[in-house]
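Shown next, in structure tokens, is the structure this report addresses.
Order of the sequence lines fixes the chain letters, A, B, ..., with proteins taken first and strands second; residue numbering starts at 1 for each chain. All of these numbers come straight from a predicted model, not from anything done at the bench.
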There are 2 protein chains.
Amino acid sequence: MARLKDVAQLAGVSTATVSNVLRGAKPATPAVERRVLAAAAELGYVPNPHAQSLRTGHSRALGLVVPDLTNPYFPALVQAIETTARALGYALIVMDAGNDGARDHESLALLATYRVAGVVWVPVDDRTTVDWPFPIVTVDRPLDGCDAVVADHAQGGALVAAHAIARGHRRVGLLSGPRALASAAARREGFLRAAAGTLEIAWEREVPFSSDLPPAAVERLAEPDCSLLVCANDAIAVGALRALRDAGARVPEDVSVIGFDDVPWAEFVEPALTTVRQPLAELGAGAVAMLHARIAGPGDARRFETHPVTLVARRSVADLHAAASATPPAGGQT
Amino acid sequence: MARLKDVAQLAGVSTATVSNVLRGAKPATPAVERRVLAAAAELGYVPNPHAQSLRTGHSRALGLVVPDLTNPYFPALVQAIETTARALGYALIVMDAGNDGARDHESLALLATYRVAGVVWVPVDDRTTVDWPFPIVTVDRPLDGCDAVVADHAQGGALVAAHAIARGHRRVGLLSGPRALASAAARREGFLRAAAGTLEIAWEREVPFSSDLPPAAVERLAEPDCSLLVCANDAIAVGALRALRDAGARVPEDVSVIGFDDVPWAEFVEPALTTVRQPLAELGAGAVAMLHARIAGPGDARRFETHPVTLVARRSVADLHAAASATPPAGGQT
DNA sequence: AAGCTGAGGTTAATCGTTTAACCGAACCTG
DNA sequence: CAGGTTCGGTTAAACGATTAACCTCAGCTT
């Protein structure tokens, strides 16, 4: 592989000049510049990133630490992050923390030894102090003192309430997520605020983010006693769908269900799930852009971005204004 | 951060000695060895990987190139690869080729500039010549001249046939995948061989790996004319489920469906899908182990590993031997 | 006792960049 | 025209490891 020295020799200048020209660090005579560029092109020169990193003390690599790749939330996020990182000239070192807080920090430590220029981090637990030799931006879990991009969960909750109201629902049941999680709390909060005065909360159960509903919730679902089930999560919604089916209730004819996240298979369950879509691609791209900016300006004020979510209406919530008796037309997706 | 030099100074020896001791390259006096280890521990010394790479010409990083992270097949694979790579002391640089052959090669080129020690590659198209400055092992798509791990698709096909026979099916319809893909061909082949003489192939349609079935296939499904639908893929199976539902057929009472892959939501569709599970974790771990071996022994013979698949029986295929009229018990998953 | 050997260290070159320090020529400028 | 500036370029010193070559000295052999 061609080295800087080879380019310099071919162009008949010193390595310093080549380096300066190639990086646009110092201006050079047009003639010299042309010769250098030509030589570099001819040799197919590509700088050795390790030499660069050694010299400058930082690499053109970014780290990404996620709690668990098999969580359906992440692949789209990772993809967006990788794509925009690459477009900005960074390589991406990915680490999976296996939902383990200790491994989370171990990963950051490892990234530190690699002198990455920055890290995109989705922490497994919300509150952990941070003190690392690189800038960090977190996704979806704000940590004090470091940049963050988040989806607007509260707005999502409001969207759900609005949709319910628009479709003529009055009494709803709530399967809310772990109150301890900021995102779950925000969804609930946003929903409640927008529902206030219009929607009646028949009952509420706090359940984990999982399709395996606790028995208490399953029992409750045997006699729903409401026209709409608001779930904090698509996983929960799928669990609800299953429980309702087992109880002999038809969705959405007897009771409607709405989820949150728009996991990849939300459209494949029966009936296709109405849910709130998180802007994963935007979140990922935004995080990398923010990190890039922070690398350029370490001293700037803390950055914080919140991205709007959208509701995607499918078949799982009935329109009570439409002929109340008729079955909604099949295949009515999107 | 502590450098080799600092350790040497603290231990009262030369940097060469420290380097040798730490890597176990050359034996040293027990006393010296102890001093060095103590010093390194005290300073929390971690070698600078860029300096190492610069000097040795290769890094302790592996590359991973996949066609498309949002394909449900990959997250579990990537996770296994990352985990075992990390256990072996490698960092993992992940690249998404966006299902684009050109980008695929571009990614490899980029990895070359990073002097990765090796690459795990899932090529977007099967036949591409390979000539790179690092060892490669491919997953699921063997390329001549480079190591590979693959799932035993033919065996999977045989498993499907055996299951069909065991459950009393006689006439089956085939929704086979793109014949051009080696994996699809192997599945079909394995199935046909095991079915020969026992199962009657009522009809066959070649369709792409997608839930959006071509009209021709949908039409065929309106009048299935068989007791079991063998799908080359879970995506296809989901499409079939949808088409059958639209046609008013009940699964599995009227017709059974079987898939392949065991995507994460195979258990969430209605009815839960019987399918063949690919050993993603084993495939990933195997690939990295193989790559590691190849890095150690560049001259060794070509390696090729095939991993067995397993059938996971859920509700979507009926047992014709059981009371033919009765509905299978609900909730009978696993 | 002279000479060889080998074990255990050290010295210094090297990997491919970046960048501070320097240098000469050309270009004002008063 | 003598004396700054600028401009465009070079030289050489890092960065932090690895490793070939060399050195020293204790222990053996004859």
| With under 30° as parallel and over 60° as perpendicular, where do the rings of A:Trp121 and A:His105 fit, or are they tilted in between? | perpendicular
| Out of D:dA17, C:dG9, C:dT10, which has the shortest distance to the side chain of B:Val32? | C:dG9
| note | Separation between NZ (A:Lys5) and OH (A:Tyr45), nearest 0.5 Å, reads 12.0 Å
| remark: Contacts of A:Asn20 and A:Met1 projected onto DNA chain C by closest heavy atom; the upstream (5') one is A:Met1
| query | Atom CG of A:Asn48 and atom P of C:dG16: how far apart are they, to the nearest Å? | reply | 7 Å
| query | Using a distance-only test with no angle check, is there a side-chain donor-acceptor pair under 3.5 angstrom linking A:Arg3 and A:Thr15? | reply | no
| Within this structure, what is the CG-to-C1' distance between A:Leu22 and C:dT19, rounded to whole angstrom? | 15 Å
| request: Return the value, rounded to whole Å, for the distance between atom NZ of B:Lys5 and atom P of C:dT10. | output: 16 Å
| said: Could you check whether any side-chain heavy atom of B:Val66 comes within less than 4.5 Å of a side-chain heavy atom of B:Leu64, counting everything from C-beta outward? | reply: yes
| query | Does a side-chain N or O from B:Gln52 land closer than 4.0 Å to OP1 or OP2 of D:dT18, or not? | reply | yes
| request: Give a yes/no answer on whether the side chain of B:Thr56 brings an N or O atom under 4.0 Å of OP1 or OP2 in C:dC15. | output: no
| task | Return no unless some side-chain N or O of A:Thr15 is found under 4.0 Å from OP1 or OP2 of D:dT10. | result | no
| request: Could you please name the option among D:dC15, C:dC15, D:dT11 that lies closest to any side-chain atom of B:Leu54? | output: C:dC15
| request: Kindly write out the residues that satisfy side-chain hydrogen bond (donor to acceptor under 3.5 Å, both in side chains) with A:Arg23, not counting sequence neighbours, or none if the list is empty. | output: A:Ser19, A:Asn20
| request: Just compare D:dT18, C:dG9, D:dA12 and give me whichever is closest to any side-chain atom of B:Ser19. | output: D:dT18
| message | Rounding to an integer number of Å, can you tell me how far A:Arg115 CZ sits from D:dA17 C1'? | response | 11 Å
| task | For A:Gln278 and A:Asp262, test the side chains for any donor-to-acceptor distance below 3.5 angstrom and give the result as yes or no. | result | no
| task | Test for a donor-acceptor pair under 3.5 Å between the base of C:dG8 and the side chain of B:Lys26, counting only N and O atoms. | result | no
| query | Which nucleotide sits closest to the side chain of B:Pro27: C:dG8, C:dA21, C:dT19? | reply | C:dG8
| Of the nucleotides D:dG8, D:dA17, C:dT17, which has the atom closest to the A:Leu4 side chain? | C:dT17
| query | Would one find a side-chain N or O of B:Thr17 under 4.0 angstrom from OP1 or OP2 of C:dT10? | reply | yes
| For D:dT18, does OP1 or OP2 lie under 4.0 Å from any side-chain N or O of B:Arg23? | yes
| field | Candidate nucleotides C:dT17, D:dA17, D:dG8, ranked by approach to the side chain of A:Tyr45 - the nearest | value | C:dT17
| request: For the side chain of B:Arg55, starting at C-beta, report the closest nucleotide among D:dG9, D:dT18, C:dT17. | output: D:dT18
| Which listed nucleotide (D:dA17, C:dG16, C:dT11) is nearest to the side chain of B:Ser14? | C:dT11
| task | Identify whether any heavy atom of B:Ala28 sits under 4.0 Å from a base atom; if not, whether one sits that close to sugar-phosphate; answer base, sugar-phosphate or nothing. | result | sugar-phosphate
| message | Rounded to whole Å, how long is the line connecting atom CD of A:Gln9 with atom P of C:dG16? | response | 13 Å
| note | Atom CZ of B:Arg60 and atom P of D:dG16 are separated, to the nearest Å, by 21 Å
| Between D:dG8 atom P and A:Arg34 atom CZ, what is the distance in whole Å? | 15 Å
| request: Report the residue (B:Ala51 or B:Ala16) whose heavy-atom-nearest nucleotide on DNA chain C is the more 5′ of the two. | output: B:Ala16
| To the nearest Å, how far apart are B:Arg3 CZ and D:dA14 P? | 12 Å
